[in-house]
Amino acid sequence: MRNKILTGTLGVAIFSLIIFTTTPNAHAVTNTLDATFCGTMGGVWAVDTCTLSTLYVNFATDELIVPSGVTLVISSPALGINQLGTITNNGTITISNTGGTGINLIGSGTLTNNGAIIISSTGIFGINLAGALNNNGTITISNTAGTGINITGTLTNDGTVTISNTTGTGIQSITVGTIANNDTIVISNTGGTGINNILSNMINTPGDMYLCGGTYNGALPQGNAIINGCPPPECTDDEYESGGSCIALTVCTADEYESTPPTETSDRVCTALTVCGPNQIEVTPPTATSDRVCEDIPPPTAPEHFLTYQIQETKNTPKFNDFDVILTDQFVSGDFEVDNLYRLLNPVDKNNEGLVDEKSHYVGYKIKVNDKQNKAKGTVLVENQFGTISLDIRNERLLLVPSAKNHTSTPDPLQSEPDHFKCYDVKVTKGTPNFKKIKADVYDPNFDEDRTMDVKKPRMFCNSMQTNNVIKVPNGVYGEQLLCYDVKKSKGEKNHDRTSVFTNNYFGPEELDTKKEKELCVPSTMINPGMTQVDPPNLDP
């Protein structure tokens, strides 16, 4: 019964349209749609748009070109375009509210679409295709009262055709007609048949065909099977498709990184960032797509024994300029003024215990805190080779800076630096045993001096720390200390030979003259700190 209706009543209507529009045009021309030709068509031109309220007839020998950026709008009560000639659309054609057919493409008519064709609210066919339709752009047909595309000619699709909301059939062929689909055709929400393929070779489709609503009638197309389902949705860059829906991508938090990137059909995977342990340091910071890398902090190695020398700047050399620095150790963090050269520290071999590195020199600078309320005070229990002693921490006295040293010329700066130290004046805690003087054999290979020294009371406690320019103490782990004792050459030992040396460190090069030895600094461990440890500030290295 359906075929009789389509080949009967509708067939008469189509035949009538053919008879109505085959009158030859004795003045065949190629027309480009612009303001002038729009007026010739009886349309209204405004902002690159030509609007017609009546049928447009393109005769068999005529060609209409719609340029890119130009829109043709037709709102006709019966038929939108009756096409016998040639239409090349590089812009946009919009046809709506026709009582019959959107585009009637008959005879030798050819329509090449490189832009967009939008047809809606037609009464019979969206497109009645008896000629040739070559689609390289997009064709959208919706809300037809009958059939989306009725094919008795040829549709070659290298773009996208979307047919939706028909009350009858999406695409049909009842006599002859072929579809060469090389890209995408989507048929959805039909009121009955999605595709009515009476001819077994109507569709040759290496492309994608989606039937999302409606049934399939006839032989399957050649080249590929119909996809019995809806096409995947067009998700945004912040979504992925799952089960026919677009789902928002997971957003990694500040404590996570993207361990697996998202795809069109899968979510991104976020993984918690590794947290460095208390005895680890971050060696590679995290990124949005990579984890942080932590390494174990090597256990602190005991620093050398050091013999300190009183120093002064060599005559006729530039004077040391004051610096302001932020110094942080586990006792206090504050702003300090570095205002004078005070000590040279040479590594020494005590009691034939050996040397690890005879080039690990320090220059000691006198410091004073700029914030008087931020001074360190408290009691510490310190242990070393000489025993255990309780000390009261007093004023900050010295900043010990790793330095390169040479006897003849200014050396190059150090390539890598050991810890910096901040030294405090100390006094033996009242009520605890005093330190008893001992003797020690001290060999300084830098000056080639080997003497016996009287080691007296503790003078300074030096704590490894960080500065605002060189961070040497990761994660607040302070692993090295020195306890410096007053020393004096033992009776009968020769005096120190005063020497000129050249040094170089962060504060710059200096030429110094040594005087007599002042302290012996011994590797030590603070086993019972009596002051609250402070967290280091967030400083740029």
Side-chain angles (χ1 to χ4, degrees), residues 14 17-18 20-45 48-76 78-98 100-120 122 124-141 144 148-163 177-180:
I14 296 170
L17 289 174
I18 297 173
F20 174 72
T21 60
T22 55
T23 303
N25 181 2
H27 304 286
V29 292
T30 297
N31 299 302
T32 299
L33 183 58
D34 54 16
T36 301
F37 188 68
C38 179
T40 303
M41 297 167 66
V44 177
W45 181 267
D48 295 328
T49 299
C50 180
T51 302
L52 299 179
S53 58
T54 59
L55 162 72
Y56 171 66
V57 178
N58 191 45
F59 291 100
T61 54
D62 287 352
E63 179 181 11
L64 173 65
I65 299 175
V66 180
S68 176
V70 173
T71 300
L72 174 61
V73 177
I74 300 175
S75 180
S76 171
L79 176 62
I81 295 178
N82 201 30
Q83 160 70 345
L84 287 87
T86 300
I87 295 178
T88 301
N89 175 44
N90 300 314
T92 302
I93 297 175
T94 300
I95 301 172
S96 61
N97 300 313
T98 62
T101 297
I103 296 178
N104 189 37
L105 186 61
I106 57 178
S108 60
T110 299
L111 171 58
T112 299
N113 177 46
N114 302 314
I117 296 176
I118 304 168
I119 302 173
S120 61
T122 58
I124 300 176
F125 300 130
I127 296 178
N128 180 40
L129 178 56
L133 172 56
N134 303 311
N135 178 46
N136 304 305
T138 60
I139 297 175
T140 303
I141 302 172
T144 60
I149 300 180
N150 182 57
I151 300 175
T152 56
T154 301
L155 168 61
T156 301
N157 179 47
D158 290 291
T160 300
V161 177
T162 302
I163 303 171
T178 59
I179 296 176

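Note that the structure is predicted; figures quoted are calculated from it, not measured.
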Q) Pick from L52, I87, T94: which one makes a side chain to side chain contact (heavy atoms under 4.5 Å, CB included) with L72? A) L52

Q: Please name all residues satisfying side chain to side chain contact (heavy atoms under 4.5 Å, CB included) with T162, sequence neighbours left out, ordered by chain then number.
A: T160, V186

Q: Let me know which of N135, D158, T88 forms a side-chain hydrogen bond (donor to acceptor under 3.5 Å, both in side chains) with N113.
A: N135

Q) To the nearest 0.5 Å, what is the distance between CD1 (I81) and OH (Y56)? A) 8.0 Å

(Q) Within this structure, what is the CD1-CD1 distance for the pair I74 and I95, rounded to the nearest 0.5 Å? (A) 4.5 Å

Q.
For a side chain to side chain contact (heavy atoms under 4.5 Å, CB included) check, start with the C-alpha distance between S75 and S53, then their side-chain angles and the critical distance, and finish with the verdict.
A. CA-CA 5 Å; S75 180; S53 58; 5.6 Å; no

Q: Compare every heavy atom of F37 with every heavy atom of T32, then report the nearest pair and how far apart it is.
A: O-CB, 3.6 Å

Q) Closest approach of S76 and L55, non-hydrogen atoms and distance? A) OG-N, 3.6 Å

Q. Which atoms form the tightest heavy-atom contact between C50 and G43, and what is the distance?
A. SG-CA, 4.3 Å

Q: Show the numbers, then the answer: is there a side chain to side chain contact (heavy atoms under 4.5 Å, CB included) between I119 and F125?
A: CA-CA 10 Å; I119 302 173; F125 300 130; over 6 Å; no

Q: Tell me, please, which residues at least two apart from N97 pass side-chain hydrogen bond (donor to acceptor under 3.5 Å, both in side chains).
A: none

Q. Could you go step by step and tell me if N31 and M41 meet the side chain to side chain contact (heavy atoms under 4.5 Å, CB included) rule?
A. CA-CA 11 Å; N31 299 302; M41 297 167 66; over 6 Å; no

Q: Would you check if the side chain of N58 reaches a backbone N or O of T86 as a donor-acceptor pair within less than 3.5 Å?
A: yes

Q: Applying side-chain hydrogen bond (donor to acceptor under 3.5 Å, both in side chains), name anything that partners N134, two or more places apart in sequence or on another chain.
A: none

Q. Can you tell me how far CD1 of I93 sits from CD1 of I117, rounded to the nearest 0.5 angstrom?
A. 5.0 Å

Q: Report yes if some heavy atom in the side chain of L111 is under 4.5 Å from a heavy atom in the side chain of I127; otherwise report no.
A: no

(Q) Out of the candidates N89, T112, T156, only one should pair with N136 under the side chain to side chain contact (heavy atoms under 4.5 Å, CB included) rule; please name it. (A) T112

Q. Rounded to the nearest 0.5 Å, how far does CG of L155 lie from CG of L133?
A. 5.0 Å

Q | Interatomic spacing from CG in N128 to CD1 in I103 - rounded to 0.5 Å | A | 11.0 Å

Q) Counting distance only, does the side-chain N/O of E63 pair as donor-acceptor with the main-chain N or O of G85 below 3.5 Å? A) no

(Q) Less than 4.5 Å apart, side chain to side chain, heavy atoms only: is that true for N90 and P67? (A) no

Q: Could you grab the distance from atom OG1 of T92 to atom CG of D48, nearest 0.5 Å is fine?
A: 11.0 Å

Q: Starting from the C-alpha separation in whole Å, work towards a yes-or-no answer on side chain to side chain contact (heavy atoms under 4.5 Å, CB included) for L33 and C38.
A: CA-CA 6 Å; L33 183 58; C38 179; 4.2 Å; yes

